[in-house]
Amino acid sequence: MSSIKIECVLRENCRCGESPVWEEASNSLLFVDIPAKKVCRWDSLSKRVQQVTVEAPVSSVALRQGGGYVATIGTKFCALNWEDRSAVALATVDKDKKNNRFNDGKVDPAGRYFAGTMAEETAPAVLERHQGSLYSLFPDHHVEKYFDQVDISNGLDWSLDHKIFYYIDSLSYSVDAFDYDLQTGKISNRRSVYKLEKEEQIPDGMCIDTEGKLWVACYNGGRVIRLDPETGKRLQTVKLPVVKTTSCCFGGKDYSEMYVTCARDGMDPEGLLQQPEAGGIFKITGLGVKGIPPYPYAG
Ligand SMILES: O=C(O)[C@H](O)[C@@H](O)[C@H](O)[C@H](O)CO
Ligand SMILES: [Zn+2]
């Protein structure tokens, strides 16, 4: 049996930490603080954080094949240059929906940047419903739309054989799967693979491990859960000392560590006193399972 250890490696006080991504080349964890409009890069060796502030809420960040990063900022897919701290728009979505912004995003195994939108929240998980859509930015910078009527577009990842796309619309309280055509980027045959239990609260960010099992961060549930998408069973629950866990990714040596982001927004003063690490970055070791490297955007 492995012994699981959970530690807060960075007390960052994120209002809403999200989109953790491991960058092997720099031994760093990238993540965003959505309402603070910040993209952060935490160097796991020096323990230092660098940050770039952008002009609108930034909801996800991803690696870029030629170097640098891409990010979803407001309703724009952007290229992010870390050296000169500039963000250049590559494409804009939801132009007719002024109250929308992007939420979670991730790159597929062919280098397309998938991300979905949502109406801006008035409080956590309180928002005008059915305003979001799911999109992807192809390497040639054209955008495809998959579907609309989304409440809170959230976690996403692909099966190890690249034939299934997993997706979470948070307010459906479900983890869904689609058949995936890697050649064309098309999705079909939506079905639910797991329905959250009451105490698991709201499904948020997600990642896959090398055994093809899904890890889902449970917002307000203070945990990550490991799911078998083939049987629909929960295999494991790992509780964290913060309640608003938002997303997770594997990183570190051989992708054997899990990093978890969380939020402070929506917590009352008493809750913040009880959970002073809320908004920090957590590292979980001893899970006995590894992750896979993130795919870089190919454009
Ligand atoms: O990070 C996100 O995905 C959303 O932008 C957040 O606002 C919360 O996680 C959401 O409210 C919980 O569903
Ligand atoms: Zn999220």
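First listed ligand is number 1; within each ligand, the first listed atom is number 1.
Counted by atom type alone, Asp94 and Thr117 present one or more donor-acceptor pairs between their side chains at under 3.5 Å. For the residue pair Thr261 / Ser247, no side-chain donor-acceptor distance below 3.5 Å is found, with atom types taken as modelled.
Checked options Asp108, Val70, Leu90; the residue passing with Tyr113 is Val70 (criterion: side chain to side chain contact (heavy atoms under 4.5 Å, CB included)).
Contact atoms of ligand 1 toward Asp204: 1 (O), 2 (C), 3 (O), 8 (C), 9 (O), 12 (C) (distance under 4.0 Å to a heavy atom of the residue). Each of the following atoms of ligand 1 lies closer than 4.0 Å to a heavy atom of Glu121: 6 (C), 7 (O), 10 (C), 11 (O). Close contacts of ligand 1 with Ile34, meaning ligand atoms under 4.0 Å from a residue heavy atom, involve 1 (O), 5 (O). Using a 4.0 Å cut-off to heavy atoms of Ile152, the atoms of ligand 1 that qualify are 13 (O). Interface of Arg101 with ligand 1, defined as ligand atoms under 4.0 Å from a residue heavy atom, comprises 5 (O). The Ala125 neighbourhood of ligand 1 comprises atoms 11 (O), with distances under 4.0 Å to a heavy atom of that residue. Under a 4.0 Å criterion applied to the non-hydrogen atoms of Ser170, ligand 1 contributes the atoms 13 (O). The distance from ligand 1 to the heavy atoms of Ile202 drops below 4.0 Å at these ligand atoms: 13 (O).
Ligand 1 has no N or O atom lying under 3.5 Å from any N or O atom of Thr246, backbone or side chain. Residue Pro124 places no N or O, backbone or side chain, under 3.5 Å from any N or O of ligand 1. Residue-to-ligand polar distances keep Tyr219 apart from ligand 1: every N/O pair is separated by 3.5 Å or more.
A salt bridge between Glu144 and Arg112 is absent, with no side-chain N of the basic residue lying under 4.0 Å from a carboxylate O of the acidic one. Between Asp181 and Lys186 there is no salt bridge, since no side-chain N of the basic residue sits under 4.0 Å from a carboxylate O of the acidic one. Between Arg226 and Glu211 there is a salt bridge, with a side-chain nitrogen of the basic residue lying less than 4.0 Å from a carboxylate oxygen of the acidic one. In this structure, Asp265 pairs ionically with Arg15, as a charged nitrogen and a carboxylate oxygen lie closer than 4.0 Å.
Each of Leu171 and Leu134 belongs to its own hydrophobic cluster when Ile, Leu, Val, Met, Phe, Trp and Tyr are linked at side-chain heavy-atom distances under 4.5 angstrom.
By the criterion of a heavy-atom distance under 4.0 Å, neither the backbone nor the side chain of Glu120 is placed next to ligand 1. Only the side chain of Cys16 comes within 4.0 Å of ligand 1, counting heavy atoms alone; its backbone N, CA, C and O stay farther away. Counting heavy atoms under 4.0 Å from ligand 1, residue Lys244 does not touch it at all.
Distances from the Zn ion (ligand 2) to each N, O or S atom of Asp204 single out OD1 as the nearest.
Not a single heavy atom of Asp104 sits under 4.0 Å from any atom of ligand 1.
Between Phe147 and Phe178, the gap from one ring centroid to the other is short of 6.0 Å.
Classified by interplanar angle (parallel below 30°, tilted 30° to 60°, perpendicular above 60°), the ring pair Trp158/Phe165 is tilted.
Between the OE2 atom of Glu18 and the OD1 atom of Asn154, the angle taken at the Zn ion (ligand 2) works out to 170° after rounding to 10°.
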